[in-house]
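First the structure, in the form of structure tokens, and then the observations on it.
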Amino acid sequence: MHLAYTTSPGRGDMDLVLAGVADALARRGIRTCGVVQINSDCDSGRHCDMDVKVLPAGPMFRISQSLGKDARGCRLDPHGLEMAVGATARQLASGAEVLIVNKFGKQEAEGRGFRDLIAEALAADMAVIVGVNGLNRDAFLEFCGGEATALPPQVEAITGWIADAVSPAEVVG
């Protein structure tokens with residue numbers, strides 16, 4: 001099983017790292033599917049908008065909803081997330097070698113979101129890298145039976161692990 005995860009303490013840092021991983025893999029000719037998160041700047045006093053780009057080339061889906069300036073609830077738009085999951089499911093069968101999931105979040109912890117696609121990719125012997133925050137780390141480790149490799153939030157470390165996980169015969173180019 002080729003499953004790894006990374007955690008980054010800074011808000012939005014993991015998103016930048018995984019987007020960098022996707023770009024580096026594309027330059028190496030390694031075919032990816034999955035999603036990377038792109039945060040849009042917002043007016044001061046407001047949270048940023050969250051979009052995910054389905055790899056390798058889109059489309060983009062808004063996965064956040066505006067709840068108002070003083071709202072405290074979860075801003076995730078489950079419908080937007082499920083649209084991204086559906087688009088990723090269609091890409092999974094395209095011959096990708098790596099699945100990148102920007103975040104194992106509350107939806108995945110509760111059995112929804114990208115959870116089934118992660119399992120499907122692992123069953124197909126694909127390499128899978130997942131961003132995990134501290135809030136959902138225990139649920140992720142339970143999901144994978146503790147059989148995931150922890151990697152530092154560094155593009156080079158993650159792409160090196162993926163290069164080792166993907167056999168040379170499978171690499172395009």
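Heads up: numbering here begins at 1 and tracks the sequence.
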Requested in this report: State plainly whether one hydrophobic cluster holds both Met1 and Ile118, where clusters connect Ile, Leu, Val, Met, Phe, Trp and Tyr through side-chain heavy atoms under 4.5 angstrom apart.
Outcome: yes
Report task. Establish whether Leu16 and Val101 are linked, either directly or via other cluster members, by ILVMFWY side-chain heavy-atom contacts under 4.5 Å. Result -> no
Query raised in the report: Within a strict 4.5 Å, meaning less than it, do heavy atoms of the Asp51 and Gln37 side chains meet?
Result: no
Query raised in the report: Quick one: are Lys103 and Asn133 in side-chain contact, heavy atoms under 4.5 Å?
Result: yes
Report task. Find out whether Met126 and Leu92 are in side-chain contact, i.e. whether some heavy atom of one side chain is under 4.5 Å from a heavy atom of the other. Result -> yes
Requested in this report: Considering non-hydrogen atoms only, spot the tightest contact between Phe114 and Glu108 and give its length.
Outcome: N-OE2, 2.9 Å
**Report entry** Closest non-hydrogen atom pair between Phe143 and Ala119, with its separation
**Finding:** CZ-N, 4.4 Å
Report summary line: Here the pair of heavy atoms bringing Val35 nearest to Ala84 is CG1-CB, 4.3 Å
Query raised in the report: Tell me, do Leu3 and Val130 make a side-chain contact under 4.5 Å, heavy atoms counted?
Result: yes
Query raised in the report: Atom CD in Glu97, atom CD1 in Ile30: separation rounded to 0.5 Å?
Result: 6.5 Å
Query raised in the report: Val155 and Ala24: which non-hydrogen atoms are nearest, and at how many Å?
Result: CG1-CB, 4.2 Å
Query - Straight-line distance of Thr159 OG1 to Arg27 CZ, nearest 0.5 Å - result: 9.0 Å
Query - Exercise: identify the closest heavy-atom pair between Thr7 and Pro153 - result: O-CG, 3.5 Å
Requested in this report: Please answer: with hydrophobic residues joined when any side-chain heavy atoms are less than 4.5 Å apart, are Ile100 and Ile38 in the same cluster?
Outcome: no
Report task. Evaluate the side chain to side chain contact (heavy atoms under 4.5 Å, CB included) criterion for residues Thr6 and Leu18: first the C-alpha distance (whole Å), next the side-chain angles of each, then the deciding distance (0.1 Å), finally the verdict. Result -> CA-CA 9 Å; Thr6 190; Leu18 292 177; 4.3 Å; yes
Query raised in the report: Counting N and O atoms only, with roles assigned by atom type, does the side chain of Thr32 sit under 3.5 Å from a partner on the main chain of Val98, one being a donor and the other an acceptor?
Result: no
Query raised in the report: Hey, are the side chains of His2 and Val166 touching, using non-hydrogen atoms and a 4.5 Å cut-off?
Result: no
Query raised in the report: If you measure from CG on Asp77 to CG on Leu81, what distance do you get to the nearest 0.5 Å?
Result: 8.5 Å
Report task. Tell me whether Leu99 is reachable from Met83 by hopping between hydrophobic residues (I, L, V, M, F, W, Y) whose side-chain heavy atoms are closer than 4.5 Å. Result -> yes
Query raised in the report: About how many Å separate CZ of Phe61 and CD of Glu82, when rounded to the nearest 0.5 Å?
Result: 11.0 Å
Query - Crowding at CG, Asp13 (>12 non-hydrogen neighbours, <6.0 Å) - result: yes
Query raised in the report: So, do Val36 and Val52 sit near enough that their side-chain heavy atoms are less than 4.5 Å apart?
Result: no
Requested in this report: Would you mind reporting whether Thr149 and Leu151 have side-chain heavy atoms less than 4.5 Å apart?
Outcome: yes
Report task. Indicate, with yes or no, if Val132 and Leu141 share a hydrophobic cluster defined by side-chain heavy-atom contacts under 4.5 Å among Ile, Leu, Val, Met, Phe, Trp and Tyr. Result -> yes
Query raised in the report: Sub-3.5 Å donor-acceptor pair from the side chain of Gln91 to the main-chain atoms of Cys33, do we have one?
Result: no
Report summary line: Rounded to the nearest 0.5 Å, the CZ atom of Arg137 sits from the OH atom of Tyr5 at a distance of 3.5 Å
Query - Closest non-hydrogen atom pair between Asn102 and Met14, with its separation - result: O-CE, 4.2 Å
Query raised in the report: Checking Asn136 side chain against Ala139 main chain: does a donor-acceptor pair fall under 3.5 Å?
Result: no
Query raised in the report: Considering residues, nucleotides and ligands other than Arg112, do more than 12 of their heavy atoms fall under 6.0 Å from its CZ?
Result: yes
Query raised in the report: Just by distance, do the side chain of Arg62 and the backbone of Gly80 share a donor-acceptor pair under 3.5 Å?
Result: no
